[in-house]
Amino acid sequence: MHLSRTQGRRRALLATTTVAAALTLVGAAGAKTADGPTARAAAAPGTVKVNAGYTLAVRATPSSSGRVVRKLANDTKVRIVCQTQGDRVTGRFGTSTLWDKLSGGGYVSDTYVYTGSDQRVAPDCGGATTPVNTQPSPAPSSGLPASVKLRDDYPYPTRSWNGVDPWNFYFRECTSFVAYRISKVIRGFANGYKGGRFGNAMTWDDNARRIGMKVDRTPKVGSIMVRNSGRYGHVAIVAKVGSGGKRIFVEQYNAGGTHRYSKEWLTKTSVMTFIHP
């Protein structure tokens, strides 16, 4: 899973934790269940996935340098009681800052735990953030698609844009905002939806075509505008169409590098394409 930032963020500033920081090499060990007596019914199930001959280090804090409290073999079944942000780790399921707190105590990088979902599967450990509802929502009574709100409903308006969101983009980037909105229309939408990789904004239309989504140059309310200009491009939600399709009113995040919500009328140009969820 490759995570890409839009609107001029520099990858060089992001320190990626190596695989070795999260794993410990040991002899072959059989799978077991890591649940302790404190396992709760509400906890989300997961399965440890590491390379042969390695174990997953469970740490006292969500940090690659945290004290190791125990080690889990490949295919160990775990229960995730909550999730939180920590050190960036690259593992079996991509790169992320998301860490899972286990029912038996301690934290592991979510990149080594198979949960069957690209989204958060448990509440935030701090209690401030609950899992975002990414299931398809019915169209509001206004008749607009569920992806169009005409207001800022993005659930992470104050999170650091160095962190990775539940859809595997960076918080408060244009891609994160659009992914959040489209997840209300398409079940399971995320960076790796249908085995593709949306990545930077300007590659969204190419990836959408590859996985079978409709892409053309005709804006419609609820479609995704892709602007293929600049270093990384830009994506936004089309909220209104005017002047016979020559102008579009968009909802967006990070226009001009602000990392904030905004709305504006744009003139349709030749560098724009539109993805129809």
Side-chain angles (χ1 to χ4, degrees), residues 6-7 118-119 132-157 165-194 196 198-230 232-277:
T6 61
Q7 300 296 320
D118 288 331
Q119 320 301 324
V132 177
N133 176 17
T134 59
Q135 304 305 318
S137 302
S141 58
S142 64
L144 293 173
S147 58
V148 176
K149 300 294 184 182
L150 295 173
R151 57 182 174 82
D152 185 6
D153 67 333
Y154 180 66
Y156 305 111
D165 68 22
W167 310 278
N168 290 312
F169 297 99
Y170 287 97
F171 287 117
R172 298 168 62 189
E173 301 286 353
C174 63
T175 48
S176 177
F177 172 73
V178 171
Y180 162 66
R181 286 290 184 86
I182 297 304
S183 72
K184 294 186 171 297
V185 178
I186 300 177
R187 182 187 301 272
F189 183 83
N191 198 350
Y193 179 63
K194 285 190 174 181
F198 279 86
N200 290 326
M202 68 165 44
T203 63
W204 274 47
D205 49 359
D206 293 334
N207 182 69
R209 290 188 189 96
R210 282 193 294 269
I211 63 175
M213 298 179 74
K214 181 180 178 180
V215 181
D216 58 27
R217 295 190 179 277
T218 303
K220 293 184 178 180
V221 174
S223 62
I224 304 168
M225 180 213 76
V226 181
R227 187 174 64 212
N228 291 289
S229 61
Y232 298 108
H234 186 62
V235 289
I237 295 292
V238 177
K240 300 178 184 179
V241 178
S243 303
K246 295 180 180 179
R247 300 188 72 219
I248 55 175
F249 187 71
V250 299
E251 295 184 82
Q252 60 197 347
Y253 247 73
N254 200 31
T258 63
H259 293 100
R260 295 179 180 177
Y261 173 83
S262 63
K263 300 176 286 188
E264 64 176 324
W265 280 100
L266 300 172
T267 299
K268 190 181 75 169
T269 68
S270 61
V271 298
M272 292 180 182
T273 58
F274 300 90
I275 302 171
H276 303 275

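Numbering of residues begins at 1 and proceeds along the displayed sequence.
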Worksheet entry | Within-4.5 Å side-chain heavy-atom neighbours: Ile211 and Phe198 | yes
Worksheet item: Within the distance-only criterion (no hydrogens, no angle test), does the side chain of Ser176 pair as donor or acceptor with the backbone N or O of Glu173 below 3.5 angstrom?
Response: no
Discussion item. Tell me whether Trp204 contacts the main-chain N or O of Gly199 through its side chain, where contact means a donor paired with an acceptor under 3.5 Å.
Written reply: yes
List the residues meeting side-chain hydrogen bond (donor to acceptor under 3.5 Å, both in side chains) with [X], not counting sequence neighbours, and say none if there are none.
X	answer
Tyr193	none
Thr273	Asp205
Ser262	Gln252

Worksheet item: Got a sec, which pairs hit side-chain hydrogen bond (donor to acceptor under 3.5 Å, both in side chains) with one end in residues 211-221, sequence neighbours left out?
Response: Asp216-His276
Fill in: Met213 and Ile186: CA distance, side-chain angles, deciding distance, side-chain contact (heavy atoms from CB on, under 4.5 Å) verdict
CA-CA 11 Å; Met213 298 179 74; Ile186 300 177; 3.9 Å; yes
Worksheet entry | From Thr175, Asp165, Asp153, residue fulfilling side-chain hydrogen bond (donor to acceptor under 3.5 Å, both in side chains) relative to Tyr180 | Asp153
Practice prompt. Could you list all the salt bridge (charged side-chain N to carboxylate O under 4.0 Å, His left out) pairs where at least one residue sits in residues 263-277, not counting sequence neighbours?
Written response: none
Worksheet item: Any salt bridge (charged side-chain N to carboxylate O under 4.0 Å, His left out) pairs touching residues 247-261, not counting sequence neighbours?
Response: Arg181-Glu251
Fill in: Residues forming a salt bridge (Lys or Arg N to Asp or Glu O under 4.0 Å) with Arg172, sequence neighbours excluded
none
Discussion item. Holding to salt bridge (Lys or Arg N to Asp or Glu O under 4.0 Å), I want the full list of residues that pass it with Asp206, two or more places apart in sequence or in another chain.
Written reply: Arg209
Practice prompt. Provide the closest heavy-atom pair for Ser147 versus Ile182 in the form atom of the first, atom of the second, distance.
Written response: CB-CD1, 4.2 Å
Worksheet entry | Pairing residues for Thr269 by the side-chain contact (heavy atoms from CB on, under 4.5 Å) criterion, not counting sequence neighbours | Val271, Met272
Item to complete: Check each of Tyr253, Phe177, Tyr156 against Phe171 using the side chain to side chain contact (heavy atoms under 4.5 Å, CB included) test, and report the only one that passes.
Response: Tyr156
